[in-house]
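Single-structure report; data block below.
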Amino acid sequence: MNLSRFPRRQYTPFATPVEKLERLSAALGGPTIYIKRDDLLGLAAGGNKTRKLEFLMGDALAQGADTVITCGAVQSNHARLTLAASIVEGMRCHLVLEQRVPNSYNKKAGGNNFLYELMDAEGIHVVEGGTDLMAKMAEVAEDLRAQGRKPYIIPGGGSNEIGSLGYVACAQELMQQLFEMNLKIDNIVLTSGSTGTHAGTLTGIIGMNGQIPITGIGINRKNDRQIPAVYDLSARTAAKLGLANPPRMEDVTVFEDYIGGGYSLPTPGMVEAVKLLARTEAILLDPVYTGKTMDGLIDLVRKGYFKDCENILFLHTGGSTTLFHYYSDILP
Ligand SMILES: *Cc1c(COP(=O)(O)O)cnc(C)c1O
């Protein structure tokens, strides 16, 4: 795979660390757990969207755009990082924010919302849950074009075949690190949300014949919709790369048991996972994505899904800016 043939910006001047979680592994008493610290990626407060934006902003600049439009939930890490990338590229940014929980938008809220205000997004367009976000972004783009601007639309989570190249690149980076560390990883556990992370990593690992299974943990949609969505984006990413051996449907593994009541709604397992990582490793997870994903990893360890002799890698995709928003859910 030759990723250098796609336009790309660079927002992280190093490979994110791979670390052994000795105390967590001892506390769980099963396989050895490693972590890849994508919470330390570049742009304001880091997280997985930074990798996707390297390719998405590269494409936007190649197309001569001067304004970026994207969408997300009211506390979206993706919206925060798209705004940050726009700033460093000298572009304007419009955010379409969906109130997936009714009346959840508050201009004065903390977390990522505070950062939208601090970094001064040019436009914030709040819509009700269930709104057609692509249609709304097209409408915002039309208004901007009428003013002589050149808008570029990034889909939710940056999850199209351009954004997912960021996680193909992560897979390449990881394989090189594992070689240098002389470390054999038997399974990679990651969040399966808008699918760019899962699809990109899967396509990258399979594209390199890495032979490491990927275990996705759902945080939003049930498997009847999530698995085909991951497969579909994997197939499109593989086609963009011209891979002879694209991922198959049976390569897509997702567990749907850790979603709880729905997207962003706290679960007891998430609370336990967030506390355990903070107290054993001083690593901050987030309540919406990585907390639920670590809940899944812990539960799968307890159920014996992994062998004790195995090395499991948890991909930390970031998100801790929303943690500060959940005091009473985590420590009631
Ligand atoms: C967006 C996000 C995810 C999910 O990644 P997808 O590519 O959307 O599946 C996981 N963790 C954090 C912190 C995120 O912001």
Side-chain angles (χ1 to χ4, degrees), residues 16 35-41 43-56 70-85 98 100 111-112 115 133 154-171 188-204 214-221 223 225-227 229-234 236-237 252-256 258-259 263-264 270 273-274 277 283-297 314-326:
T16 58
I35 190 168
K36 182 158 172 66
R37 301 290 307 273
D38 270 17
D39 56 320
L40 302 179
L41 285 165
L43 297 176
N48 62 342
K49 306 312 180 303
T50 296
R51 286 195 195 268
K52 303 181 190 186
L53 285 161
E54 289 194 344
F55 288 92
L56 290 161
T70 199
C71 63
V74 294
Q75 280 285 350
S76 165
N77 299 310
H78 169 66
R80 181 231 320 150
L81 286 165
T82 302
L83 172 55
E98 181 190 11
R100 294 184 192 170
N112 286 320
L115 300 179
L133 299 174
I154 296 179
S159 285
N160 59 16
E161 61 273 33
I162 299 171
S164 71
L165 293 177
Y167 271 86
V168 175
C170 178
I188 298 171
V189 178
L190 46 70
T191 309
S192 197
S194 69
T195 75
T197 304
H198 190 167
T201 307
L202 183 68
T203 306
I214 312 278
T215 303
I217 306 292
I219 47 84
N220 187 9
R221 290 176 288 204
N223 278 0
R225 290 174 59 213
Q226 187 66 13
I227 289 175
V230 174
Y231 171 71
D232 178 62
L233 184 55
S234 303
R236 284 189 284 135
T237 307
V252 180
T253 303
V254 186
F255 287 88
E256 62 182 3
Y258 308 100
I259 301 171
Y263 176 78
S264 83
M270 175 280 288
V274 169
L277 265 284
I283 284 177
L284 306 181
L285 300 177
D286 82 289
V288 181
Y289 299 99
T290 54
K292 287 183 177 177
T293 304
M294 184 55 82
D295 173 31
L297 187 156
F314 173 78
L315 180 65
H316 190 338
T317 43
S320 64
T321 49
T322 59
L323 178 60
F324 304 101
H325 210 60
Y326 281 75

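Only this structure's heavy atoms are used, side chains among them; waters, hydrogens and symmetry mates stay out. Just follow the structure's listing: the first ligand is 1, and inside any ligand the first atom is 1. Counting begins at 1 with the first residue of the sequence.
Listed by chain and number, the residues in a ring pair (Phe, Tyr, Trp, His ring centres under 6.0 Å) with Y326 amount to none (sequence neighbours excluded). For T237, the side-chain contact (heavy atoms from CB on, under 4.5 Å) partners at least two apart in sequence or on another chain are E161, S164, L165, V168, T203, L233, L241. Taking N112 as the reference, Q75, N77, R80, L115, Y116, T321, T322 meet the side-chain contact (heavy atoms from CB on, under 4.5 Å) condition, with sequence neighbours excluded.
Looking at heavy atoms from C-beta onward, V252 lies in side-chain contact with H198 at the 4.5 angstrom threshold. Using a 4.5 Å cut-off on side-chain heavy atoms (C-beta onward), L285 and F314 make contact. The closest side-chain heavy-atom distance from I214 to L190 is below 4.5 Å.
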Between the protein and ligand 1, which nitrogen or oxygen pairs come in under 3.5 Å, and how far apart is each?
residue, atom, partner, partner atom, Å
ligand 1, 5 (O), N48, ND2, 3.0
ligand 1, 5 (O), T197, OG1, 3.3
ligand 1, 7 (O), K52, NZ, 2.6
ligand 1, 7 (O), G196, N, 3.4
ligand 1, 7 (O), T197, N, 2.9
ligand 1, 7 (O), T197, OG1, 2.7
ligand 1, 8 (O), S194, N, 2.9
ligand 1, 8 (O), S194, OG, 2.5
ligand 1, 9 (O), G193, N, 2.7
ligand 1, 9 (O), S194, N, 3.0
ligand 1, 9 (O), T195, N, 3.1
ligand 1, 11 (N), T317, OG1, 2.7
ligand 1, 15 (O), K49, NZ, 2.9
ligand 1, 15 (O), N77, ND2, 2.8

